[in-house]
Amino acid sequence: MIKTEATPKLTRNEGLKANDPMLAGTIVQTLADPAKERFSEDDYEFLKFHGIYQQDDRDKRKIGKQFIFMIRGRLPGGALSPSVYLGFDQLCGLYGNNTLRITTRQGFQFHGVAKGHLGPFMKGLNDAMATTLAACGDVNRNVMAAPTPATSPLVDEIQRQAKTVSDALLPKTCAYHQIWVEGTELKLTDEDAHFVDPLYGKTYLPRKFKVAFAIPPLNDIDVFTNDCGFIAILEDGKLAGYNLLAGGGMGMSHGNAQTYPRLADVIGFIRPEQLIDATKGVVTVHRDFGDRTNRKHARLKYVIAERGVPWFRQELEARLGFKLDEPKPYKFTHQGDVYGWQKQFDGNLFLGLFVENGRIKDEGALRLKAGLRRVVEQFKPNLRLTPSQNILLVDVPPDQRDGITRVLAEHGVPVENQASIIRRASIACPALPTCGLALAESERTMPEVLNRIEALLAELGLQEEEIIIRMTGCPNGCARPYTAELSLVGRAPGKYQLYVGGNQSGTRLGQLFQESVKTDNIANELRPWLSRFARERLGSERFGDFCQRVLLKETKPGTAPNDESATAA
Ligand code: SF4
């Protein structure tokens with residue numbers, strides 16, 4: 001093709017994918033060369049499709065870059081069998097930093113894997129019947145689904161549907177299997193040389209794609225933050241179908257007005273048998289219309305925001321060959337997890353365990369990792385990871401309840417009063433030292449920030465008040481900060497943007513309220529607003545609703561509301 005003035009310049013990633021749709025790069029050669037401590041810039045991009053991020057320990061940069069790897073497991077609906085869990089537990093001890101990190105998309109991340117351990121780690125993970133394929137990269141990511149068995153008799157069915165969708169959207173390249181499962185040199189045939197993925201095409205998606213399933217009234221999934229969402233609709237106690245959502249996403253960049261967080265639109269209603277076709281239809285609209293010239297702008301949300309919902313619906317229907325029905329009524333009332341022992345619909349029990357910032361580890365008297373391992377070895381419960389970074393032991397026969405409680409207690413893990421109300425409703429992303437995009441701390445700083453906020457709430461008589469608080473190390477939004485009632489978004493070392501005004505049901509975006517707050521000053525900044533909340537709230541009004549009704553109307557971003565206690569702090 002002759003390049004003209006009008007020909008848009010595609011991003012570097014587009015060329016990489018087009019030249020190597022098998023996504024193999026030179027991964028095999030670098031793996032086999034012990035003298036190479038890192039992969040090339042091109043392979044860095046290909047590795048993502050295999051669920052691997054090349055990182056370096058940013059705490060150690062002063063003495064030079066030390067390359068380590070983050071590996072992300074793909075677990076649709078966050079579901080794990082006991083054997084898969086034990087495999088993960090063993091691998092992070094052998095090759096990682098001996099912690100398991102629950103992600104906000106119900107996956108596991110392993111941090112701190114050395115290059116020399118990548119092969120055995122990936123082989124071990126696949127031997128445990130798990131995979132990392134397409135956990136990252138310009139493809140569909142881990143499919144989320146409501147995990148909590150107490151909320152609806154449909155949970156198991158929706159979990160199965162999430163797995164079916166996940167499988168249907170996997171890329172078909174054989175490179176992953178050859179490199180990591182067989183552990184052999186790539187043996188590509190002539191046919192492989194002309195490989196084109198049947199769904200994604202030669203250049204895959206312009207960027208990532210996220211799918212999630214929610215079951216009203218609980219929006220534990222934050223379904224509106226996904227590229228494609230499904231709201232299960234029950235009629236006469238059975239699954240009638242789904243309201244299809246499209247165009248949500250959290251990520252944005254500081255100082256770039258072309259980027260912003262957006263909630264998905266409700267597009268129409270589909271029957272269960274239309275689920276796979278509908279999902280693929282949404283994927284292909286992103287594939288064909290997403291921006292391949294600017295990766296920061298390459299999400300489906302911008303296509304829909306700029307072309308409009310009627311256009312999107314028409315385009316989708318043309319691809320599907322059928323008309324969508326009108327959306328059915330639904331109502332979300334809340335989000336978050338339930339903790340402690342609870343009854344399932346089938347008579348079994350499940351146990352909700354709080355995991356601070358999603359990090360399963362042994363620290364001091366709280367030996368969560370060892371306790372969970374003992375419980376899973378002895379009682380073999382199924383497990384589910386939640387979007388709020390907690391873990392559920394599910395399908396537990398009632399006669400195992402006391403034994404599990406005892407084993408956990410022996411490891412310092414309580415099943416009641418597990419954490420304060422604020423901590424239970426909080427999420428933080430990993431950020432420093434591993435995430436290459438982090439501008440500020442998140443996971444490591446969040447516990448101390450919450451300590452200070454808890455002390456302030458207690459002083460104001462608000463210690464029993466749930467406020468959904470989230471923190472991220474940059475504006476990419478991995479911990480879904482923009483739907484929280486209060487969130488801190490990293491902008492520079494020790495400095496955060498402050499957003500307020502999301503709601504309990506995850507159906508409203510918060511708004512930027514303070515452009516830059518120092519870590520040590522967060523509680524002081526909050527003091528006047530929380531003081532007014534304590535005095536002026538209407539009945540049981542929540543903080544996010546109060547911010548929308550009062551603070552965001554009265555106060556311009558960057559200024560504190562009029563309150564004498566602001567200066568006293
Ligand atoms: Fe990294 Fe930013 Fe995601 Fe946090 S939000 S994990 S800092 S990319």
Side-chain angles (χ1 to χ4, degrees), residues 13 44-45 47-48 51-59 61 68-73 97 99-112 135-138 141-142 144 207-210 222 225-227 248-256 259-262 295-299 301 355-359 385 387-389 426-447 449 468-484 486-499 502 509-510 512 516-517 519:
N13 297 60
Y44 170 86
E45 301 297 341
L47 279 169
K48 291 186 196 168
I52 300 169
Y53 275 88
Q54 179 168 271
Q55 303 179 325
D56 70 288
D57 186 334
R58 293 176 60 182
D59 284 348
R61 275 194 183 170
I68 47 174
F69 294 83
M70 182 275 276
I71 301 170
R72 187 180 290 158
N97 65 1
T99 71
L100 288 162
R101 180 54 153 85
I102 304 172
T103 73
T104 51
R105 291 197 69 75
Q106 297 178 283
F108 264 139
Q109 278 182 187
F110 304 86
H111 294 273
C136 321
D138 298 344
R141 304 287 185 87
N142 198 36
M144 298 174 73
R207 266 202 71 200
K208 58 190 168 186
F209 188 83
K210 297 178 177 178
D222 248 338
T225 65
N226 288 270
D227 295 279
M250 291 280 94
M252 58 172 283
S253 303
H254 288 313
N256 182 345
T259 67
Y260 43 84
R262 185 178 191 274
R295 283 180 70 79
K296 289 187 186 306
H297 187 252
R299 294 295 298 273
K301 63 181 176 180
V355 184
E356 184 151 36
N357 296 325
R359 185 75 65 178
L385 309 180
S388 294
Q389 304 174 322
S426 69
I427 321 181
C429 75
L432 294 166
T434 51
C435 178
L437 301 174
L439 303 170
E441 295 278 357
S442 179
E443 177 182 337
R444 296 195 294 196
T445 248
M446 182 66 145
V449 168
I468 298 162
I469 303 176
R470 295 178 181 163
M471 185 175 222
T472 57
C474 84
N476 283 319
C478 296
R480 306 189 295 275
Y482 311 111
T483 51
L486 165 62
S487 59
L488 297 150
V489 174
R491 83 168 277 108
K495 291 186 182 162
Y496 298 85
Q497 285 184 328
L498 213 150
Y499 286 76
L509 286 178
L512 177 63
S516 183
V517 178
T519 317

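All values below were derived from every heavy atom in this structure, side-chain atoms included, with hydrogens, water molecules and symmetry-related copies excluded. All ligand and atom numbering here is 1-based and tracks the order in the structure.
For Glu356 and Arg359, the salt-bridge test fails: no basic side-chain N is under 4.0 Å from an acidic carboxylate O. Looking at Arg141 and Asp227, no side-chain N of the basic residue comes within less than 4.0 Å of a carboxylate O on the acidic one, giving no salt bridge.
Set against the non-hydrogen atoms of Gly477, the atoms of ligand 1 under 4.0 Å away are 5 (S). For ligand 1, the atoms closer than 4.0 angstrom to any heavy atom of Cys478 are 3 (Fe), 5 (S), 6 (S), 8 (S). Every atom of ligand 1 is numbered from 1 in the order shown, and the set under 4.0 Å from a heavy atom of Thr472 is 5 (S). Short contacts between ligand 1 and Gly473, defined as distances under 4.0 Å to a heavy atom of the residue, involve ligand atoms 4 (Fe), 7 (S). Contact atoms of ligand 1 toward Pro430: 6 (S) (distance under 4.0 Å to a heavy atom of the residue). In the vicinity of Ala438, heavy-atom distances shorter than 4.0 Å reach the ligand 1 atoms 7 (S).
Side-chain contact annotation: Arg105 with Asn226, donor-acceptor N/O pair under 3.5 Å present. Under 3.5 Å, the side chains of Asn13 and Glu45 contain a donor-acceptor pair of N or O atoms. Under 3.5 Å, the side chains of Arg470 and Thr483 contain a donor-acceptor pair of N or O atoms.
When each of Lys48, Arg295, Arg207 is checked for a salt bridge (charged side-chain N to carboxylate O under 4.0 Å, His left out) with Asp138, only Arg295 meets the rule.
Atom 3 (Fe) of ligand 1 does not have Cys474 among its coordinating residues (no N/O/S atom, backbone or side chain, under 2.8 Å). Not one N, O or S atom of Cys435 sits under 2.8 Å from atom 4 (Fe) of ligand 1.
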Criterion side-chain contact (heavy atoms from CB on, under 4.5 Å) on Phe108 and Ile102, from CA distance to verdict: CA-CA 5 Å; Phe108 264 139; Ile102 304 172; 3.6 Å; yes

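Of the protein's heavy atoms, Cys429 SG, 2.3 Å lies nearest to atom 4 (Fe) of ligand 1.
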